[in-house]
Amino acid sequence: AAGRKNAAACSRSALFFVFLHRFGMPAGPCAAEPCAGRFALRARPGVPDTGFSNDKALLPIMKVYKFGGASVRNADGVRNLRKIIDDEQNLFIIVSAMGKTTNALEKVFEGLQKGDKQLSLEHVESLRKYHAEIIDELWHEPKRLPAVDALFGELEKVATETVYKPGDAELWYDTIVAYGELVSTTIISEYLNYAGVSNRWIDMRRCFLTEQRHKDAGVNIEASASLLKNALGKCVENIFIGQGFIGGAPDGTTTTLGREGSDYSAAVVANILDAESMSVWKDVDGVMNADPKAFPDAVQIAELNYLDTIELAYSGAQIIHPKTIKPLQNKNIPLYVRPFGDKRKPGTVIRGMSAPVDVPILILKKDQVLLTIRSRDFSFVLEEKFATIFSLLERFRIKANLIHNSAVNLSLCVDNSWHIDEAIEALREAGFDVMKAENMELLTVRGYTDELWRRYARGPQVFVRQATQSTVRVVRKRE
């Protein structure tokens, strides 16, 4: 009996390590390989050296830089990153996937969902060539990076050998799209070393412990602190390259932190390291009062406070991820949004106190669905009905961006989702009539004027309108 138990335990252990291998998860520390020493971290006299001192006076003062995919979409972008960090020390750099890589990886996942291996392989091969061209241009000659080849080999195996089950959709989505950040940071780390900038590649799947949740996981900052600090404390390098957007769940699987979650990754790193500042390098001059692509007369905002930024993020502003501000606010760390194309420009600073914003702010969330829900017994005003509805929405990971209710109807503006129709069916089974309006968008105007009201809050395309003294929110049919 004891032998059978030991055999079973060994079998489970073997399966676990196969599982880690399939996910590209190293079994060692956060760094790609053991570091040679420490980077100027010392314990206080009389206190055991734990690898990372809590005495801020003895710690290097770190900065955290985050570079988005548009900033590193080609070799010129990577070389520009190199120029931006010239003469920098004690720097932690978070990098997103290059260009539109995440979108292409979603196509790889789509092929897995549909059982279409050819679709997956076409996009894997396209991504392989795209990154190979960037590598060749950076090294000025045909160049193979074995670590990048290995990552693409893992991705191909996941895409073609996985036995897919619909219930595991989010798990496999996270597993596949994470390769974008793993590849980009591997290329950038190796290029910087080649260009004379000594640095250490850090595997954030081993340094960020997240909740057991896929596609929108939160980071357990307290548990992650020791993992990240221990990884950095063993290194002689003082510049580090880590992936945005990804972490690791307690069961060892890869998780992602939500689209645009690289900002959140950088904020958590800044919080853990008590950073001097965090800078997000973007292809815009700073935070704008509106998306210039949708509103050509958009202007730059010089400074914002944390609370205003949280409100804007909640309303759908794409410049900063909604979860980004809290880790910075807790440590009073300023956030700079700076132009990737010209490091001399000041950009926008976000901090505890700021001057009032004196221009209207317009935030447009696209790809929305308007659900109108009515109880069949007309007893909608009872609180338990609300509890039933929102419990069902939470089950299907559907978040309400706007809520509007009358005596018998509840209208919810939500992000489009794979699970919308499943949620609607569950609501109907629970005794509700549900109407769905697609191709909607949600516009929030903070500090609106009479002119903006007339332009955006009126007309037959407006389905729902909510207004306070300073803010109007409109759900309207997409034009």
Side-chain angles (χ1 to χ4, degrees), residues 23 97 100-120 122-124 155 158-160 162-181 210-218 245-247 249 251 253-262 264 316 318 321-323 364-373 388-403 410-430 432 434-442 475 477-478:
F23 280 76
K100 300 294 185 182
T101 295
T102 300
N103 293 337
L105 287 167
E106 287 178 337
K107 288 293 185 182
V108 176
F109 172 70
E110 182 182 328
L112 177 63
Q113 276 188 307
K114 295 179 176 178
D116 187 345
K117 291 184 180 180
Q118 188 60 36
L119 175 63
S120 294
E122 285 175 3
H123 286 280
V124 171
L155 173 61
V158 171
T160 58
T162 297
V163 179
Y164 176 78
K165 297 178 181 179
D168 294 331
E170 282 84 2
L171 183 152
W172 290 113
Y173 174 91
D174 283 2
T175 304
I176 288 172
V177 299
Y179 281 96
E181 278 70 19
T210 72
E211 59 191 324
Q212 189 64 49
R213 177 186 178 105
H214 292 281
K215 285 200 77 183
D216 188 22
F245 182 55
I246 69 174
D251 69 353
T253 58
T254 300
T255 55
T256 62
L257 313 182
R259 285 301 289 263
E260 310 301 330
S262 292
Y264 177 50
Q318 293 297 306
H321 189 273
K323 294 186 287 191
L364 186 65
K365 279 182 73 75
K366 298 182 179 180
D367 198 21
Q368 299 292 291
V369 174
L370 182 65
L371 301 179
T372 302
I373 305 166
T388 299
I389 290 170
F390 287 104
S391 176
L392 286 171
L393 292 177
E394 171 63 22
R395 184 200 305 173
F396 293 100
R397 304 280 184 86
I398 295 172
K399 184 186 74 172
N401 297 316
L402 179 141
I403 302 169
L410 178 67
S411 296
L412 302 173
C413 182
V414 302
D415 294 331
N416 203 354
S417 160
W418 301 335
H419 303 301
I420 286 282
D421 291 335
E422 296 174 64
I424 289 174
E425 183 60 30
L427 286 166
R428 287 172 175 160
E429 290 177 359
F432 299 98
V434 184
M435 291 180 289
K436 178 175 74 169
E438 298 181 289
N439 299 316
M440 309 298 288
E441 56 189 20
L442 172 62
V475 182
K477 197 74 172 177
R478 191 172 64 205

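The shown structure was predicted, so the numbers you read here are calculated from the model rather than taken from an experiment. In what follows, every heavy atom counts, from backbone to side chain, and hydrogens, waters and symmetry copies are set aside.
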Quiz item: Rounded to the nearest 0.5 Å, what separation is found between the NE2 atom of His214 and the OH atom of Tyr173?
Solution: 13.0 Å
Practice problem: Grab the two heavy atoms, one from Ile398 and one from Ser417, that are nearest each other, plus how far apart they are. | Solution: CG1-OG, 4.3 Å
Practice problem: Indicate the atoms forming the closest heavy-atom contact of Ala249 with Thr255, along with that distance. | Solution: CB-CG2, 3.7 Å
Quiz prompt | Residue Lys477 excluded, over 12 heavy atoms near NZ under 6.0 Å | solution = yes
Practice problem: Starting from the C-alpha separation in whole Å, work towards a yes-or-no answer on side chain to side chain contact (heavy atoms under 4.5 Å, CB included) for Phe432 and Thr388. | Solution: CA-CA 10 Å; Phe432 299 98; Thr388 299; 4.0 Å; yes
Quiz item: Does a side chain donor of either Asp251 or Thr253 reach within less than 3.5 Å of an acceptor in the other side chain?
Solution: yes
Practice problem: Write down the atom of Ala430, the atom of Leu392, and the distance for their closest heavy-atom approach. | Solution: CB-CD1, 4.1 Å
Practice problem: Please round to the nearest 0.5 Å and tell me the distance separating atom NE2 of His123 and atom CG of Asn103. | Solution: 10.5 Å
Practice problem: Check the pair Trp172 / Val158 against side chain to side chain contact (heavy atoms under 4.5 Å, CB included), numbers first and verdict last. | Solution: CA-CA 9 Å; Trp172 290 113; Val158 171; 3.9 Å; yes
List the atom pairs, donor and acceptor, that lie under 3.5 Å between side-chain atoms in residues 163-171 and the rest of the protein, sequence neighbours left out.
unit_1 : atom_1 : unit_2 : atom_2 : d
Tyr164 : OH     : Gln113 : NE2    : 3.4
Glu170 : OE2    : His419 : NE2    : 2.9

Exercise. Dump the intermediate steps for side chain to side chain contact (heavy atoms under 4.5 Å, CB included) on Asp367 and Asp415, then the final yes or no.
Key: CA-CA 6 Å; Asp367 198 21; Asp415 294 331; over 6 Å; no
Quiz prompt | Atom pair NZ (Lys107) and NZ (Lys100), whose distance is rounded to the nearest 0.5 Å | solution = 14.0 Å
Quiz item: Any side-chain donor paired with an acceptor under 3.5 Å for Asn416 and Gln368?
Solution: no
Quiz item: What's the verdict on side chain to side chain contact (heavy atoms under 4.5 Å, CB included) for Leu393 and Leu412, showing C-alpha distance, side-chain angles and the deciding distance?
Solution: CA-CA 11 Å; Leu393 292 177; Leu412 302 173; 3.4 Å; yes
Practice problem: First locate atom OG1 of Thr256, then atom CD1 of Ile246, and finally report the distance between them rounded to the nearest 0.5 Å. | Solution: 9.5 Å
Quiz item: Would a distance-only check, ignoring hydrogens and angles, find a side-chain to backbone donor-acceptor pair under 3.5 Å from Lys114 to Leu119?
Solution: no
Quiz item: Okay, side chain of Lys436, backbone of Thr372: is any donor-acceptor separation there less than 3.5 Å?
Solution: no
Practice problem: State, to 0.1 Å, how close Val177 and Glu181 come at their nearest heavy-atom pair, and which atoms those are. | Solution: O-OE1, 3.6 Å
Practice problem: Please report the closest heavy-atom contact between Ser411 and Leu370, naming both atoms and the distance. | Solution: CB-CD1, 4.3 Å
Self-check item: Separation of Thr175 OG1 from Leu105 CG (nearest 0.5 Å)
Solution: 11.5 Å
Quiz prompt | Donor-acceptor contact below 3.5 Å, side chain Glu211 vs main chain Gly218 | solution = yes
Quiz item: Minimum heavy-atom separation for Ser120 to Ala159, with atom names?
Solution: CB-CB, 3.9 Å
Exercise. Check for a donor-acceptor pair, side chain of Arg428 on one end and backbone N or O of Val434 on the other, with a separation under 3.5 Å.
Key: yes
Exercise. Could you check if a side-chain atom of Lys215 sits within less than 4.5 angstrom of a side-chain atom of Asp174, using non-hydrogen atoms only?
Key: yes
Practice problem: Verify, without hydrogens or angle tests, whether Glu441 (side chain) and Lys365 (backbone) share a donor-acceptor contact under 3.5 angstrom. | Solution: no
Quiz item: When rounded to the nearest 0.5 angstrom, what distance separates OG1 in Thr254 from CZ in Phe245?
Solution: 11.0 Å
